[in-house]
Amino acid sequence: MNNDKYQTSATGRCDDKDGACDVLIIGAGPVGLSLSLSLRGLGLDVRLIERQPLKAIATPQFDGREIALSHRSVDILQNLGAWKRIAPDEISPLKSAKVTNGGSQARLHFDARAVGADKLGFLVSNHNIRRALYDEHLECGEACLITGAEATPVKTSGNGSSVTLADGRMFCARLLVAADTRFSTARRAAGISASQHDFGKTMIVSRMKFEHPHNHVAWECFLPGGALAILPLNANEASIVQTFAPEEAARQMALGLDDYAAAAGKRLKGRFGALHPASERCAYPLVSVYANRFAASGFALVGDAAVGMHPVTAHGFNLGVQGQDILARQLRRALGCNRGIADAGALKAYERAHQKLSRPLYWSTLALAELYARETPVARLARRAIFDVGRALPPARKLIMKNLTQPLASAEMARQTSFENY
Ligand SMILES: Cc1cc2nc3c(=O)[nH]c(=O)nc-3n(C[C@H](O)[C@H](O)[C@H](O)COP(=O)(O)OP(=O)(O)OC[C@H]3O[C@@H](n4cnc5c(N)ncnc54)[C@H](O)[C@@H]3O)c2cc1C
């Protein structure tokens, strides 16, 4: 079967009449697709249900997101077969990062060379990551992808979970996995609560061409009126990420592209010369979400459905792709011990490991984003103090950089050790 609604890979199965399968993943975003690839080779009947039409998944459009990938995430994408599908000129190296506070000349500098690495990470457009994962699914995937289908979960239990589609069809699975955005309806249907934080701000992202070289250095500038980040891309382009209160964001979105670029250049005090628009703008409301559980009987949450990060620390997809990797390893291990695909111990181990990985990052990012969003004298003082401590404590900077540059092997060793406690 291969039309706009149903699509299966060469080896995949997709029997429309028989709605029973082993694993049902709601959402074919980058994390849902990654998980389906991670479950290859286990002899499982895996299905992905996606509400968008096939065209939107097969040829995703530019959405303004430039994803800063850690070395660990790149290793996982390599293992999934997706990394080789991204053209080299679409991969921009991130050599170092600088943070400035207000109008002060003082800077925090994160240089990969301080931990013996030549890059902090890589920047790749979200649509290119999604396309690479889809292409790998199409050529080497085993899962069945059902597109143009909005899923409504009706039941989750240890004996199996079921889902209905908007057209009335029903699917049941031994394990249901929600990868359906930070506003996950499956999470709610499973009765899992989540802490949600609305920053009351809007983030505008777009590509601009720089007059002066950026030398592949990222900048995070905490300026009066809202933060401005520069994510350096190839061909001396960069993603300009600006955060505004909603009214100001609407005003900025109404500007012509040239005027918008000129205003951004002015905020940067001409440091990079003239800025010229190189793409359309995309706006995102800033809301972060942390699910209070990542698993229940016959059910798991992955990606933004589990942890929806504020983008300021660039960890959302990194956590998502690492989380699905942990889940897949646990499920593989459970199957190896004949414990079944919805094994409660495996799901619990996933939950604990992913909470351990994501919780400190989530709450520290939230605190940082809140602190830098406020314009009160106390917030200004606190920012200054944090900045000074960060500059005075090179070990703290080294730790952050190690986390970014840590390759899979050492990260995996750390995880294996901690798994022994579960
Ligand atoms: C401006 C911006 C910049 C970012 N920068 C970074 C960065 O530098 N580094 C980083 O690591 N992360 C970054 N992120 C975060 C990253 O984009 C997300 O973490 C990532 O896209 C989450 O992937 P996902 O697959 O979990 O969810 P999504 O990408 O949201 O995909 C979910 C999918 O589920 C589908 N769906 C939803 N509900 C249903 C339903 N009921 N039935 C069927 N299908 C459904 C949707 O159509 C969608 O395709 C950034 C985010 C933003 C907004």
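Counting convention: from 1, in listed order, for ligands and their atoms alike.
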Colleague: For Gln324, which of Leu80, Val177, Leu39 qualifies under side chain to side chain contact (heavy atoms under 4.5 Å, CB included)?
Modeller: Leu80
Colleague: When you measure from atom 31 (O) of ligand 1 to each heavy atom in Gly27, Gly148, Gly29, which option holds the nearest one?
Modeller: Gly29
Colleague: Would Arg130 count as a contact of ligand 1 if the rule is a heavy atom under 4.0 Å away?
Modeller: no
Colleague: Which bit of Ala149 gets closer than 4.0 Å to ligand 1, counting heavy atoms only: side chain, backbone, both or neither?
Modeller: backbone
Colleague: If you count the atoms of ligand 1 from 1 in the order shown, which ones are under 4.0 Å from a heavy atom of Gly303?
Modeller: 26 (O)
Colleague: With a 4.0 Å cut-off on heavy atoms, is Ala179 in contact with ligand 1?
Modeller: yes
Colleague: Would you check if the distance from the ring center of Phe122 to the ring center of His71 is below 6.0 Å?
Modeller: yes
Colleague: Quick one: sort the His127 and Phe62 rings into parallel, tilted or perpendicular, breaks at 30° and 60°.
Modeller: perpendicular
Colleague: Which protein heavy atom lies closest to atom 12 (N) of ligand 1, and at what distance to 0.1 Å?
Modeller: Phe317 N, 2.9 Å
Colleague: Should we count NZ of Lys84 as having more than 12 external heavy atoms under 6.0 Å?
Modeller: yes
Colleague: Do any nitrogen or oxygen atoms of Ala28 come within less than 3.5 Å of a nitrogen or oxygen of ligand 1?
Modeller: no
Colleague: Write out the residue and atom name of the closest protein heavy atom to atom 42 (N) of ligand 1, then the distance separating them to 0.1 Å.
Modeller: Ala151 N, 3.0 Å
Colleague: Checking a contact table here: which protein heavy atom is nearest atom 20 (C) of ligand 1, and how many Å away?
Modeller: Asp304 OD1, 4.0 Å
Colleague: Starting from atom 4 (C) of ligand 1, locate the nearest protein heavy atom and write down its residue, its atom name and how far away it is, to 0.1 Å.
Modeller: Pro311 CB, 3.9 Å
Colleague: Would the distance check show the side chain of Asn215 and the main-chain N or O of Val217 forming a donor-acceptor pair, the cut-off being under 3.5 Å?
Modeller: no
Colleague: Taking both backbone and side-chain atoms of Gln52, is any N or O found less than 3.5 Å from an N or O belonging to ligand 1?
Modeller: yes
Colleague: Mind checking what makes side-chain contact (heavy atoms from CB on, under 4.5 Å) contact with Ala178, not counting sequence neighbours?
Modeller: Asp180, Ser184, Ala186, Phe299, Leu301
Colleague: Looking at Lys209 and Ala235, what are the two nearest heavy atoms and their distance?
Modeller: NZ-O, 2.7 Å
Colleague: Could you identify the single nearest non-hydrogen protein atom to atom 35 (C) of ligand 1 and state the distance to 0.1 Å?
Modeller: Glu50 OE1, 3.3 Å
Colleague: Under 6.0 Å between ring centres: does that hold for His212 and Phe272?
Modeller: no
Colleague: Heavy-atom distances under 4.0 Å are what count here, so tell me which part of Cys282 touches ligand 1: side chain, backbone, both or neither.
Modeller: neither
Colleague: How far is atom 21 (O) of ligand 1 from the closest protein heavy atom, and which atom is that?
Modeller: Arg65 NH1, 3.3 Å
Colleague: Can you report which non-hydrogen protein atom sits closest to atom 25 (O) of ligand 1, along with the distance?
Modeller: Val31 N, 3.0 Å
Colleague: Test your reading of the structure: does Ala314 have an N or O sitting under 3.5 Å from an N or O of ligand 1?
Modeller: yes
Colleague: Between Leu123 and ligand 1, find which residue part has any heavy-atom pair under 4.0 Å and reply side chain, backbone, both or neither.
Modeller: neither
Colleague: Please work out whether the ring planes of His310 and Phe199 are parallel, tilted or perpendicular, with thresholds of 30° and 60°.
Modeller: perpendicular
Colleague: Donor-acceptor pairs are to be reported for all side-chain atoms of residues 237-244 against protein atoms at under 3.5 Å, with residues two or more places apart or in another chain.
Modeller:
from   : atom 1 : to     : atom 2 : distance (Å)
Glu237 : OE1    : Arg207 : NH1    : 3.3
Gln242 : OE1    : Arg267 : NH1    : 2.7
Gln242 : NE2    : Tyr260 : OH     : 3.1

Colleague: Among Ser279, Pro277, Cys282, whose side chain to side chain contact (heavy atoms under 4.5 Å, CB included) with Ser206 holds?
Modeller: Ser279
Colleague: Should the proximity of Arg182 to ligand 1, defined as any heavy atom under 4.0 Å, be assigned to the side chain, the backbone, both, or neither?
Modeller: neither
Colleague: So do Ser288 and Gln196 actually touch side chain to side chain, heavy atoms under 4.5 Å?
Modeller: no
Colleague: Please compare His315, Arg51, Met309 and report which has the shortest non-hydrogen distance to atom 45 (C) of ligand 1.
Modeller: Arg51
Colleague: Considering heavy atoms of the protein only, find what lies nearest to atom 13 (C) of ligand 1 and give residue, atom and distance to 0.1 Å.
Modeller: Ile67 CD1, 3.5 Å
